[in-house]
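Computation of the quantities below employed the complete heavy-atom set of this structure, encompassing side-chain atoms and omitting hydrogens, waters and symmetry-equivalent molecules.
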Amino acid sequence: QVQLVESGGRLVQAGDSLTLSCAVSGRAISNYAMGWFRQAPGNIREFVAAVSWTGGAIYYATSVKGRFTIFKNNEKNTVSLEMENLKPEDTAVYYCAADIPGTGADYDIRREEEYEFWGQGTQVTVSS
């Protein structure tokens, strides 16, 4: 069984930086695509960042591109999300997810439907 545990979320001020971590147990993430999603109060869960299982493809949501960086560390079996210049609109519960790579023509790791395993989430609150 694959388990994902996020950590690092807390209250910060606008403009601050914060790094979220996701520790994975049960399987080696070298075989998985990994993603970060977030859900703000009253909103649906949305894509934030993802990295392919090879590490060769990395994607970011337009709203975070240039401010957030995803890192997949196969040796430590972790994936992190470095966040800079945080804004109040970044306030959300952040979820880490693992995906067994697919092969279909519509396979897209920016879609949460692709992911088989999810963590419980960590709260990030950005005050103005």
How far apart are the closest heavy atoms of [X] and [Y], and which atoms are they?
| X | Y | result |
| --- | --- | --- |
| M83 | V124 | CE-CG2, 4.1 Å |
| P101 | W53 | CG-CD1, 3.5 Å |
| S128 | A14 | CA-CB, 4.3 Å |
| I29 | N73 | CD1-O, 3.7 Å |
| R27 | V2 | CG-CG2, 3.2 Å |
| A40 | A92 | N-CB, 3.8 Å |

Atom pair [atom1] ([X]) and [atom2] ([Y]), whose distance is rounded to the nearest 0.5 Å:
| X | Y | atom1 | atom2 | value |
| --- | --- | --- | --- | --- |
| S7 | Y94 | OG | OH | 15.0 Å |
| S30 | E75 | OG | CD | 9.0 Å |
| M34 | D99 | CE | CG | 9.5 Å |
| T122 | L81 | OG1 | CG | 11.0 Å |
| W118 | R45 | CH2 | CZ | 4.0 Å |
| Y95 | L20 | OH | CG | 13.0 Å |

Is a side-chain donor or acceptor of [X] paired with a backbone partner of [Y] at a separation under 3.5 angstrom?
| X | Y | result |
| --- | --- | --- |
| E82 | T19 | no |
| Y115 | I109 | yes |
| T91 | V126 | yes |
| Y60 | I70 | yes |
| E112 | E46 | no |
| E116 | I100 | yes |

Using side chain to side chain donor-acceptor pair (under 3.5 Å) as the criterion, list what pairs up with Q39, not counting sequence neighbours.
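Q39: no side chain to side chain donor-acceptor pair (under 3.5 Å) contacts found.
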Taking only residues two or more places apart in sequence or in another chain, which ones pass side chain to side chain donor-acceptor pair (under 3.5 Å) with N77?
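If we apply the side chain to side chain donor-acceptor pair (under 3.5 Å) test to N77, skipping adjacent residues, there are no hits.
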Could you name each residue pair satisfying disulfide bond (SG atoms under 2.5 Å apart) that touches residues 39-84, not counting sequence neighbours?
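Passing the test, one end in residues 39-84: no pairs.
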Quick one: disulfide bond (SG atoms under 2.5 Å apart) pairs with a partner in residues 8-110, sequence neighbours left out?
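Residue pairs passing disulfide bond (SG atoms under 2.5 Å apart), neighbours aside: C22-C96.
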Can you sort out the partners of Y32 under ring-ring contact (aromatic ring centres under 6.0 Å, His included), two or more places apart, ordered by chain and number?
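For Y32, no residue satisfies ring-ring contact (aromatic ring centres under 6.0 Å, His included) once neighbours in sequence are set aside.
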Set of ring-ring contact (aromatic ring centres under 6.0 Å, His included) partners for F47, sequence neighbours left out:
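Residues passing ring-ring contact (aromatic ring centres under 6.0 Å, His included) with F47: F37.
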Considering only heavy atoms from C-beta outward, does the side chain of D90 approach that of F68 to under 4.5 Å?
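Yes. Closest side-chain heavy atoms under 4.5 Å.
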Are the side chains of K76 and S21 in touch, meaning some heavy atoms are under 4.5 Å apart?
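With C-beta onward as the side chain, the pair stays apart.
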Can L11 be reached from L18 by stepping across I, L, V, M, F, W or Y side chains whose heavy atoms are under 4.5 Å apart?
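In one cluster with L18: L11, no.
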Under a single-linkage definition using a 4.5 Å side-chain heavy-atom cutoff for Ile, Leu, Val, Met, Phe, Trp and Tyr, are V64 and V12 assigned to the same hydrophobic cluster?
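Yes, same cluster.
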Does a donor on one side chain sit under 3.5 Å from an acceptor on the other, for N85 and K87?
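No, because no side-chain N or O of N85 sits under 3.5 Å from a partner of the opposite role on K87.
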Is it the case that over 12 heavy atoms from other parts of the model lie below 6.0 angstrom from the CD atom of E113?
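Count over threshold, so yes.
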